[in-house]
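Note that the numbering runs from 1 along the sequence shown for the chain.
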Amino acid sequence: MQFKPIAAAAAALAFVWTAAPGSSQAASCEIDKPIVFAGLDWDSNSFHVAVAQFIMKNGYGCEVDKIPGSTIPMLNGMIRGDIDVTMEMWVANVKAAWDKALAGGKVVDLGINFPDAVQGWYVPKYLTEGANAPAKGLKSVADLPKFKDVFADPEEPGKGRFYNCIAGWGCEVINTKKMNAYGLNDTFVNFRPGTGAALSAVIESSIKRKKPIVFYYWGPTWVLGKVGDQVRMLDEPAYDQAIWDAMMDEKDETKVTKATAYPLVPVSVSSSSEFYGKAPKLVAFLKKYATNADMVSKALAYMQDTGGTAEEAAVNFLKTNEALWSKWLPADVAAKVKAAL
């Protein structure tokens with residue numbers, strides 16, 4: 001996910017999928033070497049890579065590969081031509097580097113993978129809906145002080161508890177600035193769990209037991225895949241670019257007096273210019289590749305519930321969404337993919 005600390009890029013290749021010698025899929029690939037994907041270090045990217053690789057392997061007869069790493073090293077690899085395809089390019093997070101590479105003709109934007117990467121503050125619907133709901137009327141961040149007792153902090157009586165990101169994630173800093181701008185520091189504890197796993201665990205367990213909780217989260221993730229239909233995002237002031245930029249630029253969170261909702265982030269598929277020029281059929285497929293945050297979150301929830309791999313989640317997705325992915329492909333290629341499933 002875009003806010004997690006960037007890990008050092010690994011040098012080793014992760015895995016290679018190849019079509020079986022003599023198989024019906026093994027003859028037609030436009031590229032005579034493995035197609036290398038950016039193995040970015042979060043689950044939704046792993047899922048998208050697995051879907052695209054299954055289609056390229058079984059539908060187009062290609063060998064596929066991936067190199068693990070984080071956003072900037074993988075973008076640099078695509079600029080050099082070491083990486084052919086990136087399934088999740090969060091352009092807004094690396095805009096300066098991306099714009100330079102695009103202007104230099106090193107990379108190509110192939111279109112939007114999913115248009116609706118979301119972030120926000122959430123509460124369970126069972127707290128706000130129904131005649132006897134304990135937080136009935138809670139719709140926005142501005143309403144939170146009235147309901148501080150519903151979200152009582154066990155360690156600081158008289159205040160509610162807001163579950164922020166963990167220290168070290170960019171979203172923790174943004175949410176801390178928002179707490180100040182929304183005037184919530186007098187009524188809520190800005191609680192930072194020790195790990196990302198602890199944050200997801202307390203959200204899942206609280207909702208399973210129908211306990212009060214107000215928390216930040218983002219999608220697509222397995223958490224929203226599992227509980228997304230049971231929670232609602234609290235309203236914030238409508239996204240305003242100028243206010244957002246000022247909030248991001250201010251280093252002292254105590255000086256932030258205006259805040260705005262998180263922007264809805266479109267996430268793109270991209271490729272190296274070299275790959276773009278050599279593989280028009282594969283590029284045509286990738287240009288049509290399109291999902292949304294909800295379906296990706298559900299795929300990640302499938303991985304979480306089953307303990308499955310990204311590759312297993314990809315197969316499940318392809319088996320259950322034929323009407324979607326068949327539109328990305330020529331009929332003969334779609335038939336090969338269906339046969340492989």
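Classified by interplanar angle (parallel below 30°, tilted 30° to 60°, perpendicular above 60°), the ring pair Phe151/Phe188 is tilted. Ring pair Tyr163/Phe191 is perpendicular by interplanar angle, where above 60° counts as perpendicular and below 30° as parallel.
Donor-acceptor pairing under 3.5 Å is recorded for the side chains of Gln241 and Tyr239. Judged purely by distance below 3.5 Å, without hydrogens or angles, the side chains of Asp84 and Ser271 never pair a donor atom with an acceptor atom. There is a side-chain donor-acceptor pair under 3.5 Å between Glu172 and Thr176. Counted by atom type alone, Ser70 and Asp41 present one or more donor-acceptor pairs between their side chains at under 3.5 Å. Side-chain polar atoms of Asn316 and Glu312 form no donor-acceptor pair below 3.5 angstrom. For the 3.5 Å distance criterion, the side chains of Tyr126 and Gln230 fail to qualify, holding no donor opposite an acceptor. Using modelled atom types, one finds a donor on one side chain and an acceptor on the other under 3.5 Å when comparing Asn175 with Trp121.
In this structure, Trp98 has its ring center at least 6.0 angstrom away from the ring center of Trp90. Within the 6.0 Å centre-distance limit, the rings of Tyr289 and His48 are counted as a close aromatic pair. In this structure, Phe317 has its ring center under 6.0 Å from that of Phe47.
Remark: Lys178 qualifies as a cation-pi partner of Tyr262 under the 6.0 Å distance and 45° angle criteria applied to the six-membered ring.
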Q: Show the numbers, then the answer: is there a side-chain hydrogen bond (donor to acceptor under 3.5 Å, both in side chains) between Asn190 and Asn164?
A: CA-CA 6 Å; Asn190 184 7; Asn164 198 344; 2.9 Å; yes
Q: Given side chain to side chain contact (heavy atoms under 4.5 Å, CB included), test Glu88 with Phe114 step by step and report yes or no.
A: CA-CA 9 Å; Glu88 281 196 19; Phe114 51 94; 3.6 Å; yes
Q.
One pair to check against ring-ring contact (aromatic ring centres under 6.0 Å, His included): Tyr122 and Phe215. What are the steps and the verdict?
A. CA-CA 5 Å; Tyr122 293 87; Phe215 62 95; 5.7 Å; yes
Q: For the pair Lys226 and Asp305, evaluate salt bridge (Lys or Arg N to Asp or Glu O under 4.0 Å) and give the outcome as yes or no after the intermediate values.
A: CA-CA 9 Å; Lys226 293 188 73 170; Asp305 287 342; 2.7 Å; yes
**Q.** Derivation of the side-chain hydrogen bond (donor to acceptor under 3.5 Å, both in side chains) call for Ser140 and Glu236
**A.** CA-CA 6 Å; Ser140 76; Glu236 297 182 64; over 6 Å; no
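Other residues, nucleotides and ligands contribute at most 12 non-hydrogen atoms within 6.0 Å of the NZ atom of Lys281.
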